[in-house]
Trainee: 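Once you've had a glance at the structure underneath, I'll fire off some questions.
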Amino acid sequence: MFKGVIFDLDGVITDTAEYHYLAWQALGEKIGITFDRAFNENLKGVDRMESLRRILALGGKENDYSNEEKEALATEKNDLYQTFIDKVTPADLLPGIPKLLNDLQDHKIAIGLASASKNAPKILKNLGILAEFDTIVDPASLKHGKPAPDIFIQAAKQLNLEIKDAIGVEDAYSGIESIKAAHMFAVGVGDAETLKKADYVVSSTKDLTYDLLVKIWK
Ligand code: BG6
Ligand code: MG
């Protein structure tokens, strides 16, 4: 049996992936770069500065800003993003997630968070589930973000688990890459084609039950 489940946050536990999109879009409009949801898929799971780099590259503007100006742009995006997450409440937990967390605890399965977001502790607190997590990886402590395996390896380490005993759950292409690069069992939430490197994909968190995890682990 698996001994731990390591979750991504944005797009798995709550729909903050949409808020990231809206905040980047607003910044993009201001600097004359428009992008759609398809491009936004490339930003999911990717840390703040790398997301900005990808947006600037899309607009052919990667050399138009100094590092200081880029920091200011990223801060501006984050300030807007934070106005969205300030309003997050337990009602924003995605369907099935509260029951899954309860069931994992009842079965003494460890719960970890492997999110690239520096806002993660605040979001978990607003969702009312901060205490359910046995560990949270600090993304600032890592050399390489997703798709590198570092964050899932670190989460397993913080839970005192071997990689082979853990399940990673992700909604992003870069996130599934990260879990598989760590050689961990990967469950994707979302589009089966985008997430085809996962060991199993559900289309919605509604399907992400304890019983399902037991079944697919066998
Ligand atoms: C990830 C999101 O969880 O966190 C990315 O999928 C986001 O879209 C990244 O860029 C960093 O988040 P934050 O909150 O530190 O800007
Ligand atoms: Mg995500």
Side-chain angles (χ1 to χ4, degrees), residues 5-28 35-58 70-88 92-94 97 112-127 129-130 133 136-142 144-152 154-155 167-180 182 184 186-191 194-195 197-198 201-205 208:
V5 179
I6 298 167
F7 291 89
D8 170 48
L9 173 63
D10 296 317
V12 170
I13 288 175
T14 187
D15 201 11
T16 34
E18 183 65 17
Y19 298 151
H20 279 295
Y21 175 51
L22 294 174
W24 280 128
Q25 220 184 18
L27 184 82
F35 61 90
D36 57 12
R37 279 173 199 282
F39 175 79
N40 187 59
E41 284 303 310
N42 304 310
L43 305 182
K44 289 186 177 173
V46 174
D47 70 35
R48 201 179 304 162
M49 289 313 289
E50 176 61 16
S51 296
L52 176 63
R53 199 194 63 71
R54 291 183 187 194
I55 291 166
L56 293 177
L58 175 76
K70 284 185 207 166
E71 289 289 344
L73 290 175
T75 300
E76 193 176 328
K77 179 264 175 178
N78 192 52
D79 288 347
L80 176 58
Y81 178 66
Q82 287 192 334
T83 66
F84 296 140
I85 61 173
D86 279 346
K87 294 182 197 123
V88 164
D92 294 306
L93 282 160
L94 282 170
I97 295 295
L113 192 82
S115 168
S117 175
K118 293 179 176 142
N119 293 297
K122 184 177 179 185
I123 296 169
L124 291 184
K125 189 168 170 274
N126 289 355
L127 289 168
I129 55 166
L130 185 58
F133 283 76
I136 296 171
V137 177
D138 174 9
S141 72
L142 303 170
H144 305 288
K146 299 169 191 178
D150 307 29
I151 195 164
F152 282 94
Q154 181 61 27
I167 294 177
V169 187
E170 264 288 352
D171 69 314
Y173 173 82
S174 66
I176 295 294
E177 292 272 310
S178 172
I179 300 172
K180 291 321 295 178
M184 194 178 283
V187 176
V189 180
D191 175 51
T194 310
L195 307 174
K197 288 193 189 162
V201 179
V202 292
S203 60
S204 153
T205 53
L208 198 61

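Note that ligands are numbered from 1 as they come in the structure, with each ligand's atoms numbered from 1 the same way. Start at 1 with the first residue, then count along the sequence.
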Trainee: Quick one: nearest non-hydrogen protein atom to atom 16 (O) of ligand 1, plus distance?
Mentor: Arg48 NE, 2.7 Å
Trainee: Please report the shortest heavy-atom distance between Phe152 and Met184, naming the atom on each side.
Mentor: O-CE, 3.6 Å
Trainee: Under 4.0 angstrom from ligand 1, any heavy atom of Ser115?
Mentor: yes
Trainee: Number of protein N/O/S atoms less than 2.8 Å from the Mg ion (ligand 2)?
Mentor: 3
Trainee: Taking ring-ring contact (aromatic ring centres under 6.0 Å, His included) as the test, write out the residues that go with Phe133, two or more places apart.
Mentor: none
Trainee: Looking only at protein heavy atoms, which one is nearest to atom 9 (C) of ligand 1, and how far off is it?
Mentor: Val46 O, 3.3 Å
Trainee: What about Trp24: any of its N or O atoms under 3.5 Å from an N or O on ligand 1?
Mentor: no
Trainee: What's the shortest distance from atom 8 (O) of ligand 1 to any protein heavy atom, and which residue and atom give it?
Mentor: Leu43 O, 3.4 Å
Trainee: Geometry only, no angles: is Ser117 polar-contacting ligand 1 at N/O separations under 3.5 Å?
Mentor: yes
Trainee: Using heavy atoms and a threshold below 4.0 Å, how should the contact between Lys118 and ligand 1 be classified: side chain, backbone, both, or neither?
Mentor: both
Trainee: If you measure from each heavy atom of Ala17 to ligand 1, is any distance below 4.0 Å?
Mentor: no
Trainee: Tell me which part of Leu9 gets within contact of ligand 1: side chain, backbone, both or neither, using heavy atoms under 4.0 Å.
Mentor: neither
Trainee: Hey, is ligand 1 close enough to Asn78 that some N/O pair sits below 3.5 Å?
Mentor: no
Trainee: Answer yes when Glu177 and Lys146 have at least one side-chain N-carboxylate O distance shorter than 4.0 Å, and no when they do not.
Mentor: no
Trainee: Considering only non-hydrogen protein atoms, determine which one is nearest to atom 1 (C) of ligand 1 and report residue, atom name and distance to 0.1 Å.
Mentor: Asp10 OD2, 3.3 Å
